[in-house]
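Data block below; observations after.
Numbers here simply count residues along the sequence, with the first being 1. Values below: all heavy atoms of this structure, side chains included; hydrogens, waters and symmetry mates excluded.
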Amino acid sequence: MKLRYTGKTKDVYELENGNYLLEFKDDVTGVDGVFDPGANTVGLTMEGAGRAGLRLTKFFFEILKEKGIPTHYIDADIDQATMTVRPAAVFGKGLEVICRYRAVGSFLRRYGLYAQEGQHLDAFVEVTLKDDERQDPPVSEDALDMLGILSKDEYKVLKALTQQIGNVVKEELAKKGIELYDIKFEFGRVGEDKQIALIDEISGGNMRAYKDGEYIEPLELEKMFL
C-alpha cells in the first residue's frame, strides 16, 4: 500500500489493484475541543470515533447500494477501521455538499438576520469549496460552471443525489426517533463513464442529529442508532 493522502479524519492508501483503502481515525473536526462538522480543523480526538464512523458509513453505503444509488464503496473492515473504495476524481480541488433540514451552524451564522435557530429548511442544498485558507466559501451553480469545476448539467445531478441520499439518511434516523438537522457529503466522478457518485463517508462526524431537541455526539449517535 502507498499512502497517498493524510486528511483530518482519515488516511488514504492506494492498493496494488488500483482501488483505495480509507483508514478512519479517531480525530473529529471542531474548534477548541468542541465538535463541529463544518469546522476546517481537527478540534478533538474521541477514542473509538473512527470505528463508530465506519460502522455508520458501512450501514448507509450498503443501503444506498441496495437502492441503486451510486457510491465508491466496495467493502469495509470494522476491526481494522478501514474501507475499500473505487478510485474517484473529485471536482476541482474538492467540494463539500450540505443538505440542510434545519437552520443551524454556518447557515444560521450567515443568515441570522432572517433565519431563526432550528427553523425548518426544505432539504436546502449548499455547495462549498474545500479551501481551509478561505474557510470553505459557498459557491453558486453559475460560479461552479464558469470556473470549470462542475457543469450545470452535473450540478443538477449533484443536487438531486444530495437530496435523495440526505432523505435516505433522514428516514433511517427517524426510525429511531432521531432527527437529522444537516449533513455534509462529498462526491466524485467514478469509473470510465465518470458517473457522479457519493464518496468519503456518512457518519456522525459529518452530520448534526438531535433527539428530543438535544444534540447527539457522534459516538453516542452510533450507539443509539445501530
Looking only at heavy atoms, which two atoms of [X] and [Y] are closest? And how far apart?
| X | Y | value |
| --- | --- | --- |
| Gly204 | Leu56 | N-CD1, 3.5 Å |
| Leu108 | Ala115 | CD1-O, 3.8 Å |
| Gly118 | Val104 | N-CG1, 4.4 Å |
| Gly7 | Lys25 | O-NZ, 2.8 Å |

Are [X] and [Y] packed together at the side-chain level, in the sense that at least one heavy-atom pair is separated by less than 4.5 angstrom?
| X | Y | value |
| --- | --- | --- |
| Leu173 | Leu221 | yes |
| Leu129 | Leu95 | yes |
| Glu96 | Val127 | no |

I'd like to check the side-chain contact (heavy atoms from CB on, under 4.5 Å) partners of [X]; sequence neighbours left out, ordered by chain and number.
| X | answer |
| --- | --- |
| Tyr13 | Met1, Leu3, Asp11, Leu21, Glu23 |
| Glu154 | Phe91, Leu150, Ser151, Arg189, Ile196 |
| Asp122 | none |
| Leu219 | Met46, Ala49, Ala52 |

Sequence neighbours left out, what pairs pass salt bridge (Lys or Arg N to Asp or Glu O under 4.0 Å) with at least one residue falling in residues 42-61? Arg55-Glu222, Lys58-Glu62

Restricting to pairs with a member in residues 83-93, which pass salt bridge (Lys or Arg N to Asp or Glu O under 4.0 Å), not counting sequence neighbours?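 Listed by first then second residue: nothing to list.
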
For [X], what residues pass the side chain to side chain donor-acceptor pair (under 3.5 Å) criterion, not counting sequence neighbours?
| X | answer |
| --- | --- |
| Asp77 | none |
| Tyr155 | none |
| Asp142 | Lys152 |
| Lys211 | none |

If we check side chain to side chain contact (heavy atoms under 4.5 Å, CB included) with Pro70, which of these qualifies: Val190, Leu161, Leu198? Leu161

Output every pair passing ring pair (Phe, Tyr, Trp, His ring centres under 6.0 Å) with a member in residues 172-203, not counting sequence neighbours, ordered by first then second residue.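 Checked against ring pair (Phe, Tyr, Trp, His ring centres under 6.0 Å) - neighbours excluded - the pairs reaching residues 172-203 are Tyr181-Tyr210.
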
Hey, are Arg100 and Ser106 close enough side-chain-wise for a donor-acceptor pair under 3.5 Å? yes

Test item: side-chain donor near acceptor, Thr82 and Gln80, under 3.5 Å: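 The criterion, which ignores hydrogens and geometry beyond distance, is not satisfied for Gln80 and Thr82.
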
For Asp145, salt bridge (charged side-chain N to carboxylate O under 4.0 Å, His left out) partners two or more places apart: none

Taking atom NZ as the centre, does Lys159 end up with more than 12 heavy-atom neighbours from other residues, nucleotides or ligands that are less than 6.0 angstrom away? no

Could you tell me whether Lys176 atom NZ has more than 12 heavy atoms of other residues or ligands within 6.0 Å of it? yes

